Amino acid sequence: RFKGVGKMKQKLNGIPKHIGIILDGNRRFAKKLMLKPWKGHEWGAKKVRKFLRWCQDAGIKEVTLYTFSLENFNRPKKEFNYLMNLFKKEFTNLLTDKEIEDDKVRIRFVGRIYLLPKALQKVIKKVEEKTKNYSNLKVNIAIAYSGRAEIVDALNKIVKKIKQGKLPGKNITEKEIEKNLYLSAEPDFIIRTSGEQRTSGFLLWQASYSELYFSPKFWPEFEKKDLIKALNSYAQRQRRFGR
């Protein structure tokens with residue numbers, strides 16, 4: 001369950017309200033076990049549920065998961081189809097998951113959703129509709145996502161509003177751009193697994209002052225103790241926001 005796994009043993013101070021996480025290393029994990037590369041995604045999907053339990057247990061209120069980028073559309077066709085079917089299966093399961101309802105978990109999807117297979121789009125819409133009034137834990141799933149594309153799409157929305165006379169065109173402010181992004185919430189803390197030390201276009205606008213943490217573990221290997229280690233690192237930092 002999201003709840004009921006026990007309180008984290010270490011007392012943590014300065015818990016971030018919003019965590020972003022780049023789920024990296026599924027394929028390398030599978031390769032390490034001498035399995036087909038895409039089989040690692042199944043392990044990764046199982047780890048997501050555990051991770052959300054740990055986050056809720058720690059008092060984190062919002063989680064944004066980077067699951068599939070626009071660049072990932074270039075993956076081999078067999079792996080792409082496997083991933084799309086896995087997403088459809090996992091998201092469909094959310095529709096009948098009693099824990100989602102009991103724990104009032106809101107799920108949103110951010111990205112160019114229209115690029116995904118139609119059947120997957122339908123499931124995504126159903127999940128969002130079913131959970132739209134929940135707020136105990138907010139889970140944002142970045143899929144068919146790119147930080148640059150998000151900013152481009154926001155600017156195109158603004159240009160359209162200006163052309164339609166719905167918005168004065170003299171000055172485009174940061175506030176106006178933020179209103180038109182897929183996601184307005186800014187993560188306090190971003191974790192990337194697999195040892196790679198870059199953000200790969202994740203929440204480019206929102207993450208301008210996010211604290212970063214890079215774990216050497218592949219995503220399927222990431223455990224509660226690794227989250228505690230990351231949160232302890234966050235708690236020791238002083239966020240200055242450029243001051």
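Note that this is a predicted model, so its numbers are computed, not measured.
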Run the side chain to side chain donor-acceptor pair (under 3.5 Å) check on N180 and K161 step by step: do they pass? CA-CA 11 Å; N180 287 279; K161 289 177 182 178; 2.9 Å; yes

Stepwise side chain to side chain contact (heavy atoms under 4.5 Å, CB included) check, K104 with L137: CA-CA 7 Å; K104 299 293 183 285; L137 176 67; over 6 Å; no

Are E150 and Q206 close enough, and set up right, to give a side chain to side chain donor-acceptor pair (under 3.5 Å), and what steps lead you there? CA-CA 11 Å; E150 180 177 23; Q206 300 91 331; 3.0 Å; yes

Report the C-alpha distance between V110 and I141 in whole Å, list the side-chain angles of each, state the deciding distance to 0.1 Å, and finish with yes or no for side chain to side chain contact (heavy atoms under 4.5 Å, CB included). CA-CA 6 Å; V110 296; I141 299 176; over 6 Å; no

Run the side chain to side chain contact (heavy atoms under 4.5 Å, CB included) test on R27 and K31 for me, step by step, so that the C-alpha distance in whole Å, both residues' side-chain angles and the decisive distance to 0.1 Å come before the verdict. CA-CA 6 Å; R27 292 194 298 174; K31 187 176 180 181; over 6 Å; no

Assess whether side chain to side chain donor-acceptor pair (under 3.5 Å) is satisfied between Y209 and E186, documenting all intermediate values. CA-CA 9 Å; Y209 284 106; E186 298 180 357; over 6 Å; no

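In the hydrophobic clustering of this structure, V123 groups with I113; members are Ile, Leu, Val, Met, Phe, Trp, Tyr whose side-chain heavy atoms approach within less than 4.5 Å, directly or through other members. Note on L183: it does not cluster hydrophobically with L204, by side-chain heavy-atom contacts below 4.5 Å among ILVMFWY residues. No single ILVMFWY cluster, assembled from side-chain heavy atoms under 4.5 Å apart, contains both F87 and I22. L212 is not connected to I19 by any chain of hydrophobic side-chain contacts under 4.5 Å among Ile, Leu, Val, Met, Phe, Trp and Tyr, and they are in different clusters.
A donor-acceptor contact shorter than 3.5 Å links the side chain of N72 to the backbone of S69. N140 places no side-chain N or O within 3.5 Å of a backbone atom of R108 that could act as its donor or acceptor partner. Although no hydrogens or angles enter the test, the distance criterion places no donor-acceptor pair under 3.5 Å between the side chain of S184 and the main chain of E178. Distance alone, capped at 3.5 Å, places no donor-acceptor pair between the E211 side chain and the Y234 backbone. A donor-acceptor pair under 3.5 Å is absent between the side-chain atoms of W54 and the main chain of K224, judged by distance alone. When atom types are taken as modelled, the side chain of E128 and the backbone of K125 share no donor-acceptor pair closer than 3.5 angstrom. T199 places no side-chain N or O within donor-acceptor distance of the main-chain N or O of F202, the cut-off being under 3.5 Å. Judged by distance alone, with hydrogens and angles left aside, the side-chain atoms of D226 form no donor-acceptor pair with the main-chain N or O of F222 at under 3.5 Å.
Using modelled atom types and a 3.5 Å distance limit, the side chains of H18 and D188 yield no donor-acceptor pair.
Counting heavy atoms of neighbouring residues, nucleotides and ligands inside a 6.0 Å radius, atom NZ of K157 exceeds 12 of them.
Taking CG from L23 and NZ from K47, the interatomic distance works out to 11.0 Å, rounded to the nearest 0.5 Å. Note: D153 CG to L181 CG = 10.0 Å, rounded to the nearest 0.5 Å.
Among the candidates I100, L95, D97, V105, the single residue satisfying the side-chain contact (heavy atoms from CB on, under 4.5 Å) test with T131 is I100. Among the candidates S215, S194, S200, the single residue satisfying the side chain to side chain donor-acceptor pair (under 3.5 Å) test with D24 is S194.
Ion pairing of K126 with E129 is absent here, as no side-chain N (NZ or NE/NH1/NH2) approaches a carboxylate O to less than 4.0 Å. Using a cutoff of 4.0 Å between basic side-chain nitrogens and carboxylate oxygens, E196 and R198 are scored as salt-bridged. One finds no salt bridge joining E221 and R28 here, because no Lys/Arg side-chain nitrogen approaches an Asp/Glu carboxylate oxygen to under 4.0 Å. Under the 4.0 Å criterion applied to side-chain N and carboxylate O atoms, E101 and K98 are not assigned as salt-bridge partners.
Between F109 and Y182, the ring center distance fails the sub-6.0 Å criterion. The ring of F29 has its center no closer than 6.0 angstrom to the ring center of W219. Taking the six-membered ring for Trp and the full ring otherwise, Y145 and F68 have centroids separated by 6.0 Å or more.
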